[in-house]
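The figures that follow rest on heavy atoms only: side chains count, while hydrogens, waters and symmetry mates do not. Residue indices begin at 1 and follow the sequence shown. Order of listing sets the numbers, starting from 1, for every ligand and every atom in it.
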Amino acid sequence: MILGKSIELWQKEYPLLTEIINTNQVFWLNLDYKKYNDAYIKKCLTENDVKSAEKRLKRFAPYIAKVFPETKERQGIIESRTIRIPRMKEHMEDLFDQKVICENLLLKCDSHLPISGSIKARGGIYEVLKHAEDLAFEFGMLSRDDDYSILDSEKFRNFYSHYSIVVGSTGNLGLSIGIMSAKLGFNVVVHMSSDAKRWKKDLLRNKGVTVIEYLSDYSKAVAEGRKQAEQQPNSYFVDDENSKNLFLGYAVAALRLKEQLSDLNVAVDDNHPLFVYLPCGVGGGPGGVTFGLKLMYKDHVHCFFAEPTHSPCMLIGCMTGEYDKVCVQDFGIDNITDADGLAVGRASRFVGRTMKNLLSGIYTVNDNILYRMLSGIADTEQIYVEPSAMAGAPGIFNLFMTEAGQKYIKDQGLKGKMQNASHIIWATGGNMVPKEEMNNYYRKGFINQ
Ligand SMILES: *Cc1c(COP(=O)(O)O)cnc(C)c1O
């Protein structure tokens, strides 16, 4: 029994559930999707919040540029490129045996964000900086008009050494929080789930981060982290399942993307729809980006989440409207996938509810396809990413090749506009993966072809 109902009853109510339980690839349209003006938007999240997050990141930029030289090129702003990928488009058209008519197919290279090489460099680092600023303001050590490069000093490192930052993670969030917090001088404790890779733990330990390992999955690592932080004074828990700050850090991506698209002459308007495909774990990353994009482009942008067939937590949560009250294990799904950033069995309630009227749909991808996309983009565009990062790649084909996709296009009045559309595959991680590991990934995708 799940929430008082048998699995059979759930399946009767949601026919797609049978496919999901069988870990087949599915494409689900969100029946609660609404026009922007009719959508319920949380009062506690506004465009001003996103703009003030962007301003905070600008205040920190001189410090970031000083302590992370790889960010100097962009003056301490942690941002990635958005690029056209015509060769990958051809490659995928061959693979899926389907021509795709559109104006642009783009890749958002968050896989190559500086400092921690994944989308977590947005939310995770933002939240640590916000906490550092709050503390320094509280003790009168810093003001908004200061040059924040003064944070790179013994005085500040000593100040922060009296405080701890705690987080639970499948790996990438731990890297972002760990690297940033350790640089500022905080004590950092990262609670890692069993699927977190050895090299991530080693890298963090080398930076002086305390890593605690668990034999169970992400939800347990988060719960233990939360418990530990509550018991210690001066301890701050980065709550991946509920944090508004993480969410806002991700949302800033949309402001930056808008500028990049206009530099690339990519039109987004009533006649030029934009489709964005985002890999989803607990939901904060893709949710924050979607929220920001909706603020910027309203009905002109259509956002889809992508999850592994073995970890469809957001799909189950949103489809049933039960969000975090159900997890994939309830339905006999094992939450075992090579897409480590996405190996999450229970989605964020906060994100699920925030997305209720904004998200267009969710689809699932099996690991084989992730590997094939991974070696495909390496061969065609010489870009190396981790398996999770490619979950967005099949999105465009789901839209074109499934009944649900065609229904969406028709219902949204997009039929005559698809040839003008742009599509963005949001690549979410990979730059920190050691070469040896990356070669293994590549080979798996290659062999499968
Ligand atoms: C964390 C992560 C995601 C998804 O972000 P969530 O906030 O967990 O939904 C996607 N890709 C990679 C590589 C990640 O590390």
Side-chain angles (χ1 to χ4, degrees), residues 80 107-113 115-127 167-178 190 192-193 195-197 200 217-219 221-222 238-251 253 276-292 303-308 311-315 317-318 323-324 335 337-352 354-355 359 362 365 370 373-374 384-393 395 425-433 437-438 441:
S80 70
L107 188 76
K108 182 63 183 154
C109 302
D110 276 7
S111 46
H112 289 69
L113 276 172
I115 302 178
S116 64
S118 82
I119 189 170
K120 305 293 194 309
R122 297 187 184 277
I125 290 178
Y126 174 72
E127 174 138 14
V167 68
S169 168
T170 64
N172 284 340
L173 186 63
L175 282 184
S176 290
I177 302 283
V190 177
M192 289 271 200
S193 54
D195 47 307
K197 295 280 184 297
K200 292 182 185 174
D217 79 353
Y218 162 89
S219 303
V222 172
V238 176
D239 190 343
D240 196 17
E241 290 172 332
N242 298 294
S243 167
K244 194 177 138 190
N245 290 323
L246 272 175
F247 192 82
L248 289 171
Y250 291 121
V276 185
Y277 309 98
L278 297 138
C280 178
V282 71
V289 171
T290 295
F291 180 74
C303 298
F304 293 88
F305 288 180
E307 294 187 302
S311 307
C313 64
M314 189 60 84
L315 172 53
C318 288
Y323 304 110
D324 64 335
N335 191 29
T337 164
D338 284 356
D340 26 338
L342 312 182
V344 178
R346 194 183 294 278
S348 158
R349 177 177 190 78
F350 157 66
V351 174
T354 307
M355 290 297 105
L359 184 64
I362 304 177
V365 196
L370 295 179
M373 297 289 114
L374 184 156
Y384 290 81
V385 301
E386 62 187 274
S388 301
M390 277 293 100
I425 298 167
W426 207 284
T428 44
N431 198 31
M432 302 278 277
V433 177
E437 195 110 354
M438 187 58 83
Y441 289 157

Task: Region of Val282 that comes within reach of ligand 1 [heavy atoms, distance under 4.0 Å] - done: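 The part of Val282 near ligand 1 is both the backbone and the side chain.
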Task: Euclidean distance, Ser116 OG relative to Met432 CE, rounded to 0.5 Å - done: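 Going from CE on Met432 over to OG on Ser116, the span is 6.0 Å.
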Task: Point-to-point distance, once rounded to the nearest 0.5 Å, from CZ of Phe247 to CG of Asp240 - done: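 These two atoms lie 12.5 Å from each other.
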Open item on the list: Determine whether a donor-acceptor pair (N or O, by modelled atom type, separation under 3.5 Å) exists between the side chain of Thr170 and the backbone of Asp340.
Closed with: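 Indeed, once roles are kept as given, a pair shorter than 3.5 Å links the two residues.
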TODO: Consider ligand 1: state whether an atom of it lies below 4.0 angstrom from any non-hydrogen atom of Ala389.
DONE: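 Not so, Ala389 does not reach ligand 1.
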Nearest atoms (heavy-atom pairs only) where [X] meets [Y]:
| X | Y | value |
| --- | --- | --- |
| Met390 | Ile425 | CE-CG2, 4.3 Å |
| Leu370 | Ala339 | CD1-CB, 3.8 Å |
| Pro286 | Phe305 | CB-CE2, 3.5 Å |

Which residue holds the protein heavy atom closest to [atom], what is that atom called, and what is the gap in Å?
| atom | answer |
| --- | --- |
| atom 11 (N) of ligand 1 | Thr428 OG1, 2.7 Å |
| atom 7 (O) of ligand 1 | Gly285 N, 2.7 Å |
| atom 4 (C) of ligand 1 | Gly281 N, 3.5 Å |
| atom 14 (C) of ligand 1 | Lys120 NZ, 2.8 Å |

Output yes when the distance from some N or O of ligand 1 to some N or O of [X] is under 3.5 Å, and no in every other case.
| X | result |
| --- | --- |
| Leu342 | no |
| Ser118 | no |
| Pro279 | no |
| Gly283 | yes |
| Ile119 | no |

- [ ] Give the atoms of ligand 1, by number and element, whose distance to some non-hydrogen atom of Asn172 is under 4.0 Å.
- [x]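 Close to Asn172: 13 (C), 14 (C), 15 (O).
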TODO: Give the atoms of ligand 1, by number and element, whose distance to some non-hydrogen atom of Pro286 is under 4.0 Å.
DONE: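 Once the distances to Pro286 are compared, the set is 5 (O), 6 (P), 7 (O), 9 (O).
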Open item on the list: Could you check whether any side-chain heavy atom of Leu173 comes within less than 4.5 Å of a side-chain heavy atom of Val190, counting everything from C-beta outward?
Closed with: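 Not in contact.
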Task: Any side-chain heavy-atom pair of Pro387 and Tyr441 under 4.5 Å - done: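 Yes; the side chains approach each other to less than 4.5 Å.
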Open item on the list: Quiz question: by atom type and distance under 3.5 Å, do the side chains of Ser311 and Asn335 form a donor-acceptor pair?
Closed with: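 There is such a pair (donor and acceptor under 3.5 Å, judged by atom type) between the side chains of Ser311 and Asn335.
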